[in-house]
Structures are given as structure tokens and as C-alpha cells.
Amino acid sequence: MPELPEVETIRQYVEQHSAGKTIETVRLLLPRLVKNASPETLIRTLTGVTIENVSRKGKYLFLHVSGNTGLLIHLRMTGSLLYQEQYEPVRGEQIIFSLNEGCLIYRDIRTLGCLWLVPAQGATGISGYDTLGPDGNSPAFTEAYLRDALAKTKRSVKTFLLDQTRVAGLGNIYTDEALFHAHILPQRPCCQISPAECHQLYEAIGMVLNQGLRHGGTTIRNFINGSGKEGENQKFLCVYGREGLPCRTCGTVIAYTKLGGRGTHYCPHCQK
DNA sequence: ACTATCCTGAGT
DNA sequence: ACTCAGGATAGT
């Protein structure tokens with residue numbers, strides 16, 4: 001579910017409301033969500049610490065706490081992190097951190113999310129995290145970098161954009177949207193993309209991510225932000241979830257196919 | 001480059 | 001009852 005804009009929306013709210021507060025108790029209702037520590041270790045390590053800040057890299061959230069410790073969180077499909085002033089049970093809640101003021105709740109309907117206890121500085125040893133490429137809307141992600149990376153591979157541009165080690169933060173929704181705005185078909189081999197198209201793609205990636213962020217994320221099924229509200233960006237999607245509907249630009253029916261096992265949406269007229 | 005896999009819930 | 005879902009990884 002959550003891609004960069006959704007995770008960043010959650011990060012901002014959670015950091016604003018939990019930084020400087022102390023974790024008084026930890027209730028872990030589903031221990032298998034924690035991948036590299038026993039329930040006892042997690043609870044012992046996090047009880048009594050102060051939340052310093054919350055950062056994000058790609059789709060990972062990183063809760064930095066006192067004592068050179070961090071809690072790394074990947075929300076996968078349906079995870080979310082909520083802050084509440086007053087504890088109120090929510091559907092699918094799995095971990096409850098009671099703070100000296102309010103509480104943080106990790107909730108995850110499909111329970112596919114992952115949490116790891118990591119050092120606050122240096123490498124985490126978590127494979128997906130340490131190998132992340134630059135965020136798609138960050139200055140580290142440059143057009144020259146994208147052009148070089150595309151030239152090196154002949155796999156489809158959609159598969160490339162979903163590869164978090166190349167560019168971080170794009171999932172199935174923003175990938176399809178970026179390719180629409182760049183006028184590039186998802187199945188195009190990367191090495192056949194022209195410099196002009198690469199420029200369009202570079203601009204489109206930044207644009208769709210920042211637009212998603214401005215609209216507080218995309219809610220298709222069950223994304224909710226840190227305060228439990230839905231995003232607004234679904235109203236602005238051009239292709240994702242619009243198969244069979246007319247293209248907003250040219251009126252051609254939006255097509256649907258499977259690419260690398262993922263549902264893929266595109267306009268057969270606007271995208272070449 | 002595929003497929004299966006971890007899960008639950010919604011839609012058909 | 002069956003298929004599908006916004007992610008990532010391990011296996012072939």
C-alpha cells in the first residue's frame with residue numbers, strides 16, 4: 001500500500017506528535033512482525049526510551065530513540081503508524097506504544113509489515129534498507145544518474161522503477177502514474193529510452209511523488225495517515241485503477257496488463 | 001524473467 | 001468459492 005508519499009505523510013504526523021516523548025509501555029500483540037529480536041528484547045529495549053525523531057528512506061520509517069537505538073519499520077502492503085492523544089483500539093492493531101503523553105499504534109491488516117531493532121547510527125544490517133537507491137524526489141536522484149542507470153539494463157522500465165536499489169519510494173501506483181506523465185509505455189526496455197524521454201521520466205517521477213505528498217497520499221483500499229485520515233491523491237490519478245475508463249488527455253480507453261506479476265495501467269495512445 | 005510466498009479482506 | 005490487492009524476497 002504505502003509508497004513514498006504515504007510513508008512521508010505518516011512520518012511527518014508521527015514525528016510532530018511523538019518526538020520528545022517517552023515510551024512507557026510496549027504491548028506487542030503479534031511478535032512475528034519483529035524480524036530480528038525476541039519480543040522480550042524489543043520490549044526491554046524500547047521501554048523507557050525517548051523518541052528523538054522519525055526519519056524516512058524510501059518506504060522505510062526509522063524511529064530514532066535515546067540510547068543509540070532505532071526501530072526500523074516497513075509497512076509493506078497495509079501497515080500504518082498512528083498517533084492518538086487518548087488510546088482508542090483500532091482494527092488490526094498489533095503494537096501499542098504508550099507514551100508519557102498519547103500513544104503510537106502500529107496497525108497492519110494483512111500483517112505483512114516488518115520491524116527491526118537497529119543501531120541508530122551506521123549500517124543497520126537490514127538488506128533492503130542498506131541497499132536503497134536515492135529517493136525519487138531527492139537531490140541525490142539526478143537526471144544523469146537515471147540516464148546512466150537506464151542505459152545499463154534491458155529490462156522493462158516499469159520493473160526498473162519498482163527496483164528500490166535503483167530509485168527508492170516508487171510502488172505500483174506512482175510507477176504507472178510517472179510513466180503516463182512521461183509518455184512512456186511500461187514494457188519499454190530501459191536501454192531503448194532516449195535522452196529526451198529520460199528527461200520526461202525524471203521530471204514525471206519527481207512530479208508524481210510531490211503531488212502525492214501534497215495531497216496527503218493515495219487511498220485506494222485502506223491507506224490511512226498518522227491521524228487515521230485518508231489521503232486525497234486518488235482523485236488525481238490518471239491511469240492507476242482507471243482501466244476501461246477514458247484517458248483524461250485523449251479519451252482512449254486505459255489499458256490493463258500484467259508486467260512482472262504486477263497489475264499495470266497505461267494509455268495506449270499517449271504512451272509510446 | 002518468471003513464480004511462489006508471507007497474510008487478510010474486499011469484490012465478483 | 002474464488003480471485004485479486006499498493007511490497008519484497010527467495011527460489012527456479
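Here is the naming used below: chain letters follow the sequence lines, and residue numbers restart at 1 for every chain.
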- [ ] Provide, to the nearest angstrom, the distance between the CZ atom belonging to A:Arg107 and the P atom belonging to B:dC7.
- [x] 19 Å
- [ ] Remember a base hit wins even if backbone is also touched, and classify A:Thr218 as base, sugar-phosphate or nothing at under 4.0 Å, heavy atoms.
- [x] base
- [ ] Could you work out which one of C:dA5, B:dC6, B:dG9 sits closest to the side chain of A:Ile109?
- [x] B:dG9
- [ ] Measure from the side-chain heavy atoms of A:Arg32 and tell me the nearest of C:dG7, B:dG9, B:dC7.
- [x] B:dC7
TODO: Would you check if there is a donor-acceptor pair between the side chains of A:Gln16 and A:Gln12 at a distance under 3.5 Å?
DONE: no
Open item on the list: Show me the dot-bracket string of DNA chain C, counting Watson-Crick or G-U pairs under 3.5 Å, with | for pairs to another strand and [ ] for crossing ones.
Closed with: |||||.||||||
- [ ] Could you tell me whether A:Phe160 contacts a base, only the sugar-phosphate backbone, or nothing, with contacts defined as non-hydrogen atoms closer than 4.0 Å?
- [x] nothing
Task: Shortest non-hydrogen contact from A:Gly216 toward A:Thr9 - done: C-OG1, 3.7 Å
TODO: Nearest whole angstrom, please: distance from the C1' of C:dC4 to the CE of A:Met77.
DONE: 10 Å
Open item on the list: Measure CD/A:Glu243 against C1'/C:dC4 and give the value in whole Å, please.
Closed with: 11 Å
- [ ] Identify, with sequence neighbours excluded, every residue that meets side-chain contact (heavy atoms from CB on, under 4.5 Å) alongside A:Ser66.
- [x] A:Val49, A:Thr50, A:Glu52
Task: Cation-pi check, A:Arg262 onto A:Tyr256 ring (under 6.0 Å, within 45° of axis) - done: no
Open item on the list: Using atom P in both nucleotides, what's the gap between B:dA4 and C:dT3 to the nearest angstrom?
Closed with: 13 Å
- [ ] Would you state whether a donor and an acceptor, one from the side chain of A:Arg155 and one from the base of B:dA1, lie under 3.5 Å apart?
- [x] no
- [ ] Figure out the CG/P separation between A:Leu30 and B:dC6, and round it to whole Å.
- [x] 15 Å
Open item on the list: Looking at A:Tyr129, I'd like to know if the NZ or CZ of A:Lys57 sits under 6.0 Å from its six-membered ring centre while staying within 45 degrees of the ring's axis.
Closed with: yes
TODO: Look at the side chain of A:Arg110 and decide which nucleotide, out of B:dC6, C:dC4, B:dT8, has an atom nearest to it.
DONE: B:dT8
Between N or O atoms, less than 3.5 Å apart, protein on one side and nucleotides 8-12 of chain C on the other: list the pairs.
{"unit_1": "C:dA8", "atom_1": "OP1", "unit_2": "A:His74", "atom_2": "NE2", "d": "2.7"}
{"unit_1": "C:dA8", "atom_1": "OP2", "unit_2": "A:Lys59", "atom_2": "NZ", "d": "2.7"}

Open item on the list: Expressed as a whole number of angstroms, how long is the span from A:Ile73:CD1 to C:dG7:C1'?
Closed with: 16 Å
Task: More than 12 heavy atoms of other groups within 6.0 Å of A:Lys229 NZ - done: no
- [ ] Ignoring backbone atoms, establish whether A:Lys258 has a side-chain N or O less than 4.0 Å from OP1 or OP2 of B:dT3.
- [x] no
Task: Rounded distance in Å - CG (A:Asn172) to C1' (C:dC4) - done: 12 Å
Task: Heavy-atom neighbours of A:His215 NE2 exceed 12 at 6.0 Å - done: yes
TODO: Please check if atom NZ in A:Lys272 has more than 12 non-hydrogen atoms from other residues, nucleotides or ligands closer than 6.0 Å.
DONE: yes
Task: A:Thr218-A:Tyr174 side chain donor-acceptor pair, cut-off 3.5 Å - done: yes
- [ ] Report the distance from atom OH of A:Tyr240 to atom P of C:dC4, rounded to the nearest whole Å.
- [x] 13 Å
Task: Whole angstrom value for the distance that separates P of C:dC4 from CG of A:Leu112 - done: 18 Å
- [ ] On the 0 to 90° scale, with breaks at 30° and 60°, tag the A:Tyr60-A:Trp116 ring pair as parallel, tilted or perpendicular.
- [x] tilted
Task: Whole-angstrom distance between C:dC4 and B:dT3, as gauged at atom P - done: 13 Å
